[in-house]
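In what follows, every heavy atom counts, from backbone to side chain, and hydrogens, waters and symmetry copies are set aside. In what follows, every chain begins at residue 1, and chains take the letters A, B, ... in the order their sequences are listed.
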Amino acid sequence: MNTTPYIYTFLLAIISSCLIDNVVLSRFYGICPFIGVSKKVKSAFSMGVAVTFVIILAALICWPLYHFVLLPLQIPFMDILTYILVIASLVQIVGLFIKKFSAPLYQSFGIYLPLITTNCAVLGVVQTNTDTALSFGLSMANAIGTSLGFLLVIVLFSTMRERIEEYNGNKAFKGVPIALISAAILAMAFMGLMGIGAK
Amino acid sequence: MSERSLQHKESFITPILKQNPLFVSILGTCPALAVTKSLEASFGMGLLFTFVVCCSNVLISALRKLIPEEVRTPCYIVIIAAFVTITRMLTEAFLPELYSSLGVFLALLVVNCIVLGRAEAFASKNSVFDSLLDGLGNGVGYTWAICLIGVIREILGTGMITFGKIFTFIPLFRIPILKALDGSFNYSMSVFSLPTGGFIVFGLILAVIAAIEGRKKAKEKIKLQAEMKAAVKGEK
């Protein structure tokens, strides 16, 4: 029936959620850290890596939880509550883990960890995975693609912002307004990638 | 008595303009960019946001002496998530069009920084009535802010304002502005309906606000200098 190999579908799903339907620029998840933590390339990279880690772990845990616990118990409406608790505790555990095993790593992105709980990208990915009834493989592809897309865009954007901060432009645009306008231009550039999937 | 009512008034009025959650504190930006393609969707989002922030504020402030200090954030998140679940079920039942147009962003109200921020900064320290007013004020402030973005994007993006598409209980009608209903002219720019447009409109609004603030500050400075000069002259 379906002749395309599964790995092809899997990779296409990753590319599609990473580039074509980018998490920040076209789905608007995680705008707060995107604006807030993108002033320096280094901190943006740490944030991106931490988010990647948490998104993939959360997707890995929440999908089985929904399909093997919530659905058999017939309480699918409890999904938001379950997910947010999983994410909050996951963030705590990841924080403790990193603190124990690598102090320098903890210093570099420990402060961003609590912020991830309120990053809508994490809950957004998990929620869309079960809302749109994706299979386990495809939901993992969605999680990987989305988190890589977040990492890519926040690093790209922070390099742009480092330059912008040096430039003395109109006073009213200084800070967040010009950041948003340059994000718009970046979004326009990503729109050019829309053709990849359609063929 | 009058001092208390003044404080009530303050907690309602401040978040509407002076401490607007979206335009001044720049919180809750994700839904502000994602659901503001049309005025109606923005208004619906604002309404649901107001409901959630009021309910969670009231409950959290009522329980503020019972919740232990160390585990307060998880407690707040669970309370907020419960109200979001209720809101989601009610919306799905009574306004299915709004439910489908907001999509996952209704669930994402849980991680909206404003709701948690208000719980942390206000409801955990103030009385129930004050927290209710604070919730209402933040709701109104957020609603008008996203409606402003929504109306600009809808006019520029589709050339008209459509009513009755999401709130189906009012009859469907359109107000043509940049695009004629019979198609005789069309100046709409569809880029404003796309994600790019959201960033541009929000950025420009913030710039305009910063410009107004800057002008106000400059005026105050000039006034202050003039007063100083007058005072110095008077001394002489």
Side-chain angles (χ1 to χ4, degrees), chain A residues 21-22 24-36 77-85 87-89 92 114-132 170-191 194, chain B residues 23 26-36 73-74 76-89 92 103-117 191-192 194-215 217-218:
Chain A
D21 203 10
N22 187 278
V24 180
L25 298 174
S26 97
R27 280 185 284 169
F28 295 122
Y29 300 158
I31 305 279
C32 304
F34 179 67
I35 300 290
F77 58 85
M78 293 288 280
D79 51 355
I80 306 175
L81 250 167
T82 319
Y83 298 157
I84 195 69
L85 282 178
I87 292 166
S89 39
Q92 291 265 315
L115 286 178
I116 297 173
T117 315
T118 54
N119 184 339
C120 13
V122 187
L123 187 64
V125 168
V126 175
Q127 189 73 40
T128 31
N129 277 347
T130 49
D131 273 1
T132 52
N170 190 326
K171 243 186 208 159
F173 278 94
K174 213 166 170 54
V176 180
I178 192 69
L180 281 166
I181 306 270
S182 35
I185 296 167
L186 197 60
M188 238 184 264
F190 268 74
M191 262 162 61
M194 255 175 208
Chain B
F23 288 155
I26 317 187
L27 293 173
T29 41
C30 305
L33 290 170
V35 301
T36 50
T73 315
Y76 296 163
I77 289 183
V78 170
I79 290 173
I80 294 166
F83 281 117
V84 172
T85 308
I86 295 169
T87 316
R88 206 166 162 226
M89 289 163 103
E92 194 175 5
V104 76
F105 281 92
L106 190 46
L108 290 183
L109 267 178
V110 180
V111 285
N112 192 312
C113 337
I114 307 169
V115 185
L116 193 62
V191 70
F192 281 96
L194 295 172
T196 312
F199 282 113
I200 294 180
V201 171
F202 189 31
L204 288 179
I205 290 176
L206 286 184
V208 168
I209 290 171
I212 294 170
E213 286 285 306
R215 186 166 288 180
K217 262 183 202 156

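- Rounding to the nearest 0.5 Å places CD1 of A:Ile80 at 7.0 Å from CG of B:Leu106.
- Proximity to chain A (any heavy atom under 4.5 Å) is shown, for B:Ile200, by both the backbone and the side chain.
- Atoms CD1 and SG, from A:Ile35 and B:Cys30 in turn, are 9.5 Å apart once rounded to the nearest 0.5 Å.
- A distance of 8.5 Å separates CG of A:Leu25 from OG1 of B:Thr196, quoted to the nearest 0.5 Å.
- Contact count against chain B (heavy-atom pairs under 4.5 Å) is highest for A:Val176 among A:Val122, A:Val24, A:Val176, A:Asn119.
- Within a 6.0 Å sphere centred on CE of A:Met78, other residues, nucleotides and ligands contribute 12 heavy atoms or fewer.
- To the nearest 0.5 Å, the span separating CG on B:Leu206 from CD1 on A:Ile181 amounts to 9.0 Å.
- Exactly one of A:Leu123, A:Leu81, A:Ile87 qualifies for a side chain to side chain contact (heavy atoms under 4.5 Å, CB included) with B:Val110. That residue is A:Leu123.
- Contact annotation for B:Arg215: neither backbone nor side-chain heavy atoms come within less than 4.5 Å of a heavy atom of chain A.
- Counting heavy-atom pairs closer than 4.5 Å to chain A, the top residue among B:Thr85, B:Thr73, B:Ile205 is B:Thr85.
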B:Val104 and A:Tyr29: side-chain contact (heavy atoms from CB on, under 4.5 Å), yes or no, with the steps?
CA-CA 10 Å; B:Val104 76; A:Tyr29 300 158; 3.2 Å; yes
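- Heavy-atom pairs under 4.5 Å with chain B peak, among A:Ala183, A:Ala184, A:Ala179, at A:Ala184.
- Rounding to the nearest 0.5 angstrom, the gap separating the CZ atom in B:Phe105 from the CZ atom in A:Arg27 is 9.0 Å.
- Between atom CG of residue A:Leu180 and atom CG of residue B:Leu33 there is a gap of 7.0 Å, rounded to the nearest 0.5 Å.
- Under the 4.5 Å side-chain criterion, counting only non-hydrogen atoms from C-beta, B:Val111 is not in contact with A:Tyr83.
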